[in-house]
Amino acid sequence: MYTHTTVTLFLTGSPTRYGEPSFTEDNGFLADVKSELAAVTGGKRLPRVLLVSAAPDDKGYSRSVKKGMSDCIHLSGIRTAPIVMLERKNAEKAPELVMWADWIVLCGGHVPTQNRFIHEIRLRELLEGFEGVVMGCSAGSMNCAGRVYSHPELPGEATDPQYKRWLNGLGLTEIKLIPHLEQVRYASIDGLRLFEDIAFPDSWGHRFYTFRDGGYVKVKNGRSQLFGEAFEISRGGMRKVSEENKSYTFMNLVFISPHFPQTYWHFCAGAKANGVNVLGVADTNYENLPWELRECLTDYYKVQSLENYDEVYAAVAWFAYKYGKIDWIESNNEYWLEQDARLRTDFDVATGIKSDRVAAIRNKSEMKKYYALGGIPTARQIKAAEGYDRVKEFVRMTGYPIIAKPDSGMGASGTFKLNSDKELDDWFWFHPNDYGYFVIEEFITGLLVSYDAIFNAEGEPIFENNSIFPSPIMEIVHDNLETCYWMNKNVPPALAEIGRRTVKAFGITSRFVHLEFFQLDRDREGLGKKGDYVGLEVNMRPPGGYTPDMMNFAHSTDVYQIWADMVAFDERRKQQGEQYYCAYAGRRDGRAYRHSHDEIMQRYGDCMCMAERVPDALADDLCNMCYIVRLNHMDELQPFFDFVTEHA
């Protein structure tokens, strides 16, 4: 748990470049410090400076550090009141000295030694409500973390089984530093390389940041920003995250229900790989989350029910209190779209859809208005709430069959195909109190396809995909059919054009979308010619089930990472490789099939991408067992479907 303060925090290895006598001006550091000190004092008095020793019992060392830091501050053009060093001899005055100070500098030295001292003087508690500037130097920066990574640095520590690499710190940040990159990158302790043999193995499940002296991290109002060339160490490796004279902002992403669907932890992994704080909210115990997901989460908050808005609100409020302003709130799940939008509205999150726009993407009747704005043809529709007589008039115009479906709903749940007056009468009879929640739509025949894409903040697609569904999900669910569908190698230009136009009409940016269209199987007056696309439904979230994974297999890429790159960088950094057709075939329990699992694997094992049980919650749409392959030629698709689903 991190201490909540109103400090402005600077984390440095050293505030000077190597060999320089004053604070560096590179990356705007000196100007930034001066500006924050002026804000604390109002420019009406000299700032009061308190240094905190990393060797409180070594009078000579503390005296030397005090002189060196005082000279450095004054040579930097910062005029101050008398500077005080907090060490053993005045430790009992720590409460009044902290209260007196405007600027607290945590000096460099031995991390464990300073760590013991700050706990002895209860500095963590003393900083509650502190409204000044705190600056860490080397060990002082490391001890600012809530959980401090204290890597070995003195002879014997790397091989000492009693040496503690993890300590409780001040809780001013969750950022863990390994300072002085230019000095320690190739350092060794007790015959072990600090990076390759110690820090890299320790980085599994953790993230460390390292930069040369002159770079720094600033934390203000909960926002953390890194300035200068810097590297992240995580998952056993090291990657550059920022360049000299540039900055890198640590983002806060609240991910709702990251454990379902089961593959969605990949979204969290992609965000974490980009340095984003991934803050999970779900209704299961932390230890029950898949270990892959736990590895991706910066923090986790369990609620009793995700349906309880007050509980979820409290979770997000806690994260905002602990980590600062929330940049993203997302579930990528249709079921939580309205709640996501409400949370974004209540927490003033700039990214994503808010409550005033969510009806347009949830209610099928509202979607029609935006389709019309974009000039996108759609099936004719009427709200059942207009009453039986008006619906009958509508049917006389369209003819049977017609579709009755929830105005706000997901998938094929609650959708009915009505073929006659009697079936329409029966439907009204079965829905005497809730028919007003439905819309009635003319039935269109054609091939069901989807346009799936990830859009950046400018409303431009950075990834596109085309899925084809020979049997619509509604028929699969109602008739208990086997599920078979596939990813195309390429997106037909006409589909890409109407897909992009649809997204523009709805005013959507920075989002993964799944748009459904019918490709007409014959000319239809008012809708188009055979082969044209007609808008069916917009889903402003990724397609469900295993479809994102199928996109990866089809395009030799990682759509989870592409989405995360859009979130963190507003651009695509993951490219595509060889293109395939990727096909899904599902089987239902309790049904006898001609070919066994072993026979399927024997025939298609070389191109099999996944073969596994489907979660029960998805089985109505996707069957109970799925087989996913990638194929080189379109004429291989139907034989695969037939082989998997042929009944005995």
Side-chain angles (χ1 to χ4, degrees), residues 1-5 9 11 124 142 144-149 166-177 202-209 217 219-226 232-235 248-260 264-306 308 310-332 336 339-340 343-344 346-347 349 351 564 567-568:
M1 187 180 298
Y2 301 102
T3 303
H4 181 65
T5 75
L9 177 65
L11 304 176
R124 180 168 179 151
M142 298 166 76
C144 284
R147 189 68 172 158
V148 177
Y149 178 59
W166 295 98
L167 307 170
N168 292 322
L170 290 173
L172 300 177
T173 179
E174 59 90 28
I175 298 170
K176 302 171 181 64
L177 296 187
D202 286 346
S203 71
W204 287 95
H206 303 281
R207 280 184 291 180
F208 312 133
Y209 292 89
V217 173
V219 182
K220 183 176 182 180
N221 297 326
R223 170 67 69 240
S224 300
Q225 195 168 9
L226 192 158
E232 178 193 272
I233 299 172
S234 65
R235 302 177 71 85
Y248 172 82
T249 299
F250 296 84
M251 298 177 65
N252 295 321
L253 162 67
V254 174
F255 206 101
I256 308 294
S257 187
H259 64 309
F260 185 84
Y264 272 24
W265 69 267
H266 291 290
F267 286 119
C268 299
K272 179 188 176 183
N274 289 339
V276 175
N277 287 327
V278 184
L279 311 169
V281 181
D283 54 3
T284 190
N285 290 334
Y286 178 77
E287 59 270 17
N288 293 335
L289 298 174
W291 70 267
E292 300 98 332
L293 174 58
R294 295 200 302 268
E295 282 263 305
C296 305
L297 297 178
T298 303
D299 207 343
Y300 178 71
Y301 192 111
K302 179 198 172 186
V303 295
Q304 293 303 311
S305 172
L306 284 169
N308 186 325
D310 290 341
E311 275 196 275
V312 180
Y313 178 95
V316 179
W318 170 244
F319 287 142
Y321 171 87
K322 189 171 177 181
Y323 295 96
K325 183 169 176 57
I326 303 302
D327 300 286
W328 284 78
I329 297 176
E330 192 55 81
S331 66
N332 279 335
W336 303 115
Q339 181 170 266
D340 292 349
L343 289 167
R344 292 188 200 106
D346 288 347
F347 286 92
V349 174
T351 55
V567 168

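All values derive from a computational prediction rather than experimental measurement.
- When the side-chain hydrogen bond (donor to acceptor under 3.5 Å, both in side chains) test is applied to Asp327, the partners found at least two apart in sequence or on another chain are Arg223.
- Using a cutoff of 4.0 Å between basic side-chain nitrogens and carboxylate oxygens, Arg344 and Glu330 are scored as salt-bridged.
- Counting heavy atoms from C-beta outward, Ser224 and Val219 have side chains that approach closer than 4.5 Å.
- With contacts defined as side-chain heavy-atom distances shorter than 4.5 Å, the pair Lys302/Tyr286 does not qualify.
- Between Cys144 atom SG and Leu9 atom CG the span is 5.0 Å, to the nearest 0.5 Å.
- Nearest heavy atoms, Ser305 versus Val312: O-CG2, 4.3 Å.
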Determine whether Val217 and Thr173 satisfy the following criterion, side-chain contact (heavy atoms from CB on, under 4.5 Å), listing intermediate values before the conclusion. CA-CA 10 Å; Val217 173; Thr173 179; 6.0 Å; no
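- Looking at Asn252, its side chain does come within 3.5 Å of a backbone N or O of Lys325 through a donor-acceptor pair.
- Distance check: Ile256 CD1 to Trp336 CH2 gives 9.0 Å after rounding to the nearest 0.5 Å.
- The structure places CD1 of Ile326 at 13.0 Å from CG of Asp346, a figure rounded to the nearest 0.5 Å.
- No side-chain heavy atom of Leu343 sits less than 4.5 Å from a side-chain heavy atom of Val349.
- In this structure a side-chain-to-backbone donor-acceptor pair under 3.5 Å is missing from Lys272 to Arg207.
- Here the shortest heavy-atom pairing between Pro258 and Cys268 reads CB-SG, 3.7 Å.
- Across all their heavy atoms, Asp202 and Trp166 have their closest contact at O-CZ2, 4.4 Å.
- Here the shortest heavy-atom pairing between Asp310 and Asn308 reads N-OD1, 3.1 Å.
- Within the 3.5 Å criterion, the main-chain N or O of Val278 finds a donor-acceptor partner in the side chain of Thr298.
- Not a single donor-acceptor pair under 3.5 Å links the side chain of Asn332 to the backbone N or O of Tyr264.
- Taking both residues in full, the closest heavy atoms of Glu292 and Cys296 are given as O-SG, 3.1 Å, listed atom of the first, atom of the second, then distance.
- The distance from atom CG of Leu293 to atom OH of Tyr300, rounded to the nearest 0.5 Å, is 8.0 Å.
- Crowding of Arg235 atom CZ: a count of heavy atoms from other residues, nucleotides or ligands under 6.0 Å not exceeding 12.
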Under the side-chain contact (heavy atoms from CB on, under 4.5 Å) rule, what do Val567 and Asn274 come out as? Steps first, then yes or no, please. CA-CA 9 Å; Val567 168; Asn274 289 339; over 6 Å; no
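- The two residues Arg124 and Gly146 have their closest heavy-atom pair at NH1-O, 4.4 Å.
- Within the model, atoms CH2 of Trp318 and OH of Tyr301 stand 8.5 Å from one another, a figure rounded to the nearest 0.5 Å.
- Ring geometry for Tyr248 against Phe250 counts as perpendicular: the plane angle is over 60°, on a 0 to 90° scale with 30° as the lower cut.
- The side chain to side chain contact (heavy atoms under 4.5 Å, CB included) with Val148 is formed by just one residue from the set Leu170, Asn168, Leu167; it is Leu167.
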Step by step, would you call Val254 with Phe347 a side-chain contact (heavy atoms from CB on, under 4.5 Å)? CA-CA 11 Å; Val254 174; Phe347 286 92; over 6 Å; no
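- Distance check: His259 NE2 to Trp265 CH2 gives 15.5 Å after rounding to the nearest 0.5 Å.
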